[in-house]
J.: 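Take a look at this one; I'll ask things after.
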Amino acid sequence: MSKKRNNPRTMANKTQEDGGIHFPFPFTPYSIQKDFMAELYRVLDAGKIGIFESPTGTGKSLSLICGALSWLRDFEQKKHQEEARLLETGTVPLSDRKDQPPFLSSSFKETPDTLRPAGEPDWVTQFVQKKEERDLVDRLKEEQVRRKKREEHLQQIRHNAQLKYAAKRMRREEEEMERLLHLSREMLAEGTGTEPLEQLECGDEELVLAEYESDEEKGAARGVDEEEEEEDLEEEHVTKIYYCSRTHSQLAQFVHEVQRSPFGKDTRLVSLGSRQNLCINEDVKNLGSAQLINDRCMEMQRSKHEKSRAEDEKPKRRRQEHQAACPFYSYEQLQLLRDEVLVGVKDIEQLVSLGKEARACPYYGSRFAIPAAQLVVLPYQMLLHGATRQAAGIRLQGQVVVIDEAHNLIDTITGIYSAEVSGSQFCQAHSQLLQYMERYGKRLKAKNLMYIKQLLYLLEQFVTVLGGNIKQNPNTQSLSQTGTELKTINDFLFQSQIDNINLFKVRRYCEKSMVSRKLFGFTERYGTVLASSREQSRLAGFQHFLQSLQPALTETPVPHGDEGEARVPRSASPLMHIEGFLAALTTANQDGRVILNRQGSLSQSSLKFLLLNPAVHFAQVVKECRAVVIAGGTMQPVSDFREQLLACAGVEAERVVEFSCGHVIPPDNILPLVICSGPSSQQLEFTYQKRELPQMMDETGRILYNLCNVVPGGLVCFFPSYEYQRQVHAHWDKSGLLARLAVRKKIFQEPKRANQVEQVLLEYSRCIKCCGHVGGTVTGALLLSVVGGKMSEGINFSDDLGRCVVMVGMPYPNIKSPELQEKMAYLDQTLPRIPGQPPPGKALVENLCMKAVNQSIGRAIRHQKDFASIVLLDQRYARPPILGKLPAWIRDRVEVKATFGPAFAAMRKFHRERPGPS
Ligand code: SF4
């Protein structure tokens with residue numbers, strides 16, 4: 001910890017050795033970095049699940065990069081050496097086979113045949129053994145040939161050779177598109193009923209659903225050759241590390257660290273992102289929302305197939321206008337881009353620039369690079385959501401996954417798989433689908449009609465269960481019963497009278513038929529332009545209804561793991577959103593609940609799926625991966641990860657390794673205090689009952705006033721809720737305390753709107769800087785902030801911006817919330833009760849509270865020379881189980897002060913001995 005950090009530029013590529021392992025590092029690492037790398041290496045090598053905690057400012061990313069890539073380097077090397085050795089000797093000693101290296105493919109494992117029956121004659125045993133040895137060597141040779149092929153292929157990529165895999169994959173996608181289009185056309189050519197079919201509008205053809213076959217039907221019709229062909233198309237994925245983080249800026253930062261690391265030159269890294277981040281077609285990108293961009297991109301690709309087919313069949317079919325194909329989507333250009341992606345480390349922005357230069361789509365170019373990449377950098381959503389993972393071509397079997405900034409991992413997974421649909425959305429989807437069926441019904445095959453009718457029925461029942469009527473405007477429908485009701489999935493299906501519908505089949509139909517995309521195209525076309533007067537009268541009511549819904553559709557929730565997709569306009573495709581809800585209903589009954597939220601009007605009411613057991617979705621990741629690392633700045637309390645995520649996902653306790661490192665700051669640079677009573681001896685316990693008492697608010701004010709006198713620069717004070725912060729502020733205003741505080745510190749409050757945060761922070765830091773230079777009575781600024789608010793995560797209060805962090809009370813979550821109560825009950829039922837520990841439900845509440853505290857107090861102390869005091873105001877913090885949930889680097893130093901006098905003396909001494917504002 002006391003090690004001096006050398007300038008990275010002057011100390012490039014230091015090689016560190018720990019237990020015989022070489023860890024190239026750009027400078028002499030701190031000892032905690034060395035420990036981190038060594039432990040990480042062991043976890044990856046032994047195929048464990050690691051929970052790594054390393055406070056901000058300790059160079060966690062660099063330790064992750066150098067530790068993990070050193071392991072990958074050795075792993076590849078060992079694999080090659082072992083193969084060479086075995087092939088050289090030409091035999092594999094059968095007695096050694098228990099020690100076979102784990103990296104040999106699954107085909108190279110001992111089979112039960114090798115266990116010979118007792119009493120077998122010696123010559124038979126010898127014969128069988130010899131044969132097995134020969135077989136093993138043959139298999140090894142095959143494996144080596146495969147590896148060589150792969151290496152040559154990668155070599156080719158480096159030298160810009162032909163990329164047959166990319167082309168093959170594209171061809172498969174094209175063939176599927178082609179097949180669907182072909183079916184559409186056949187239907188159109190044939191017609192279905194006896195009445196003559198109405199002439200379709202130009203371009204309507206692509207909106208009609210193709211004949212639908214389920215997978216089983218298709219599977220029966222498919223030949224073995226076809227299956228084999230597909231196997232052959234599977235491109236081999238080399239052993240790699242998937243690194244995911246929460247936001248794009250965190251991912252970009254990580255990529256920059258890789259670039260600067262000793263591994264920057266020769267690591268094959270690919271950054272994955274959404275179309276919204278990577279699209280370079282300005283017309284498409286300008287559509288704004290992720291869903292619109294996705295839809296348009298897919299439409300354009302379909303257009304491309306359509307166009308090429310039209311050229312082949314010109315005489316047979318009428319001419320149609322097509323949307324232009326995307327000019328950046330062509331094999332040759334994509335191949336070039338894929339080569340470029342793999343030969344130099346690039347972040348998303350660099351990828352986009354490169355794509356523009358090469359006139360090739362970076363979204364597809366980067367995906368094609370996954371199989372050969374060694375390090376894949378991607379947002380949470382893409383890795384943690386099974387369907388998205390599959391669609392992106394990510395395969396986790398035998399791979400390493402590192403999940404960074406993972407302190408909220410459980411909530412993130414819960415959020416990704418939870419779905420909420422409003423009454424408006426149900427009505428809108430129903431209306432769109434009904435209009436669609438009316439227009440194209442005669443042209444649809446029976447199976448399509450059947451599923452559309454099922455979908456209509458489901459939508460109607462969802463509205464009915466909320467107490468509404470699908471045929472009336474949801475904005476003007478008031479509900480007789482209001483409140484929140486929570487149901488198991490089975491009860492919900494039963495109450496909605498949809499328990500006789502196979503939701504798995506409906507869900508698969510939605511996926512395969514792309515019905516929501518067709519519906520979107522239909523709405524887009526007829527939402528703006530109406531072709532004939534007949535249709536006009538038919539669709540006028542529908543349009544009017546859609547327009548009436550528009551004002552309510554302004555914002556969509558921030559998608560998880562993709563900050564770039566925040567605050568996008570909601571697209572006109574509610575069915576796509578509802579598909580998520582239908583998918584959620586196929587979750588096992590015990591793992592989820594449906595919340596019926598009935599408000600005044602139907603449009604404000606909603607159905608929400610709540611995932612109680614996020615482990616069901618994480619189980620696949622831990623099962624398939626060789627090793628998983630969950631890392632963060634503050635992972636305490638880790639029991640949540642161990643119990644709710646890993647134990648529930650079936651991970652044995654022995655496979656889990658915990659690693660927590662100290663801070664790089666000298667221990668004297670922090671002063672963590674628990675203060676149990678204030679200057680007038682008022683006991684500090686901010687329970688719901690007591691915290692609103694005037695004497696509690698007065699005492700808090702007196703404490704802050706005293707602290708403001710001794711703390712230089714910035715002081716950030718966190719309150720448990722926004723309402724309480726407002727209440728205290730109003731009380732202090734009335735009592736005159738605000739005016740007294742303002743003599744020492746300029747006061748700022750956390751704004752309610754996210755777009756004002758930056759402005760407040762700017763003024764706050766400007767004020768602190770000015771005070772440092774001009775002198776006078778004002779010594780800095782006081783920021784009244786909220787736990788879990790806009791300033792408790794992701795904002796850096798380093799140096800003078802946060803010389804002291806105060807936590808007022810304990811921010812327990814609202815225990816009365818039905819969601820929390822259900823989750824507590826679920827944990828009490830599913831997790832074993834540990835003797836001497838609170839019941840799992842109660843532990844959850846404590847953990848949620850302490851996680852929030854740790855996040856907030858972690859805002860200060862961001863680098864080695866930083867210093868700050870941390871003040872926890874509430875005597876309940878003094879309880880050992882609560883102290884035990886603080887990060888180790890704070891826990892080891894914390895002092896409990898029963899009275900205010902000694903606490904204040906310690907604060908004054910701490911800040912006096914350190915330099916004032918810089
Ligand atoms: S292919 Fe790429 S560049 Fe073209 S529209 Fe799709 S995402 Fe955008």
Side-chain angles (χ1 to χ4, degrees), residues 163 165-178 180-181 203 206 248 251 270-309 321-342 346-370 376-379 381-382 387-394 514 516-518 520-521 524 559 561-562 564-565 568-569 571-573 576:
L163 297 166
Y165 289 121
K168 273 187 180 174
R169 186 204 293 237
M170 298 278 271
R171 205 171 61 228
R172 278 171 66 194
E173 286 179 10
E174 274 190 318
E175 279 166 8
E176 180 60 16
M177 290 282 191
E178 189 64 24
L180 285 167
L181 276 169
E206 64 194 43
H248 285 297
L251 292 171
V270 55
S271 300
L272 300 182
S274 60
R275 282 191 182 87
Q276 202 179 28
N277 298 119
L278 289 170
C279 180
I280 53 167
N281 184 329
E282 286 303 318
D283 290 341
V284 180
K285 202 175 165 64
N286 288 341
L287 291 170
S289 93
Q291 196 178 321
L292 290 177
I293 293 174
N294 286 344
D295 288 339
R296 181 59 56 83
C297 172
M298 302 291 277
E299 288 298 320
M300 289 175 105
Q301 285 177 49
R302 226 184 354 235
S303 257
K304 188 181 159 214
H305 302 290
E306 179 78 358
K307 202 170 148 211
S308 61
R309 213 198 66 86
E321 273 178 40
H322 295 284
Q323 208 164 38
C326 178
F328 306 107
Y329 185 85
S330 88
Y331 294 153
E332 297 73 26
Q333 290 158 327
L334 286 172
Q335 284 162 11
L336 284 173
L337 185 65
R338 181 183 120 144
D339 295 356
E340 284 294 327
V341 167
L342 286 164
K346 286 164 205 74
D347 66 11
I348 293 275
E349 252 117 71
Q350 290 165 318
L351 203 59
V352 169
S353 314
L354 194 70
K356 283 181 182 164
E357 222 172 88
R359 295 191 56 74
C361 171
Y363 175 78
Y364 285 102
S366 56
R367 277 168 192 234
F368 292 160
I370 297 174
V376 179
V377 177
L378 70 171
Q381 167 87 19
M382 219 177 263
T388 312
R389 192 162 70 224
Q390 256 186 341
I394 293 164
M514 299 190 281
S516 53
R517 212 170 285 146
K518 302 260 179 193
F520 173 67
E524 206 185 29
D562 205 341
E565 293 184 10
V568 291
S571 91
S573 185
M576 215 171 258

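In each ligand, atom 1 is the first atom listed, and ligand 1 is the first ligand listed.
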J.: Heavy atoms only: give me the nearest I280-K356 pair and the separation to one decimal.
T.: CG2-CG, 3.8 Å
J.: With sequence neighbours excluded, what pairs up with N281 under the side-chain contact (heavy atoms from CB on, under 4.5 Å) test?
T.: C279, D283, V284, M300, C326, P327, F328
J.: In terms of heavy-atom contacts, does CD of E282 have more than 12 from other residues, nucleotides or ligands at under 6.0 Å?
T.: yes
J.: Are L278 and C361 packed together at the side-chain level, in the sense that at least one heavy-atom pair is separated by less than 4.5 angstrom?
T.: no
J.: Let's test this: below 2.8 Å, count the protein N/O/S atoms around atom 4 (Fe) of ligand 1.
T.: 1
J.: Where do L378 and V376 come nearest, in terms of heavy atoms and distance?
T.: CD2-O, 3.7 Å
J.: Apply side-chain hydrogen bond (donor to acceptor under 3.5 Å, both in side chains) to S366 and list each qualifying residue two or more places apart in sequence or on a separate chain.
T.: none
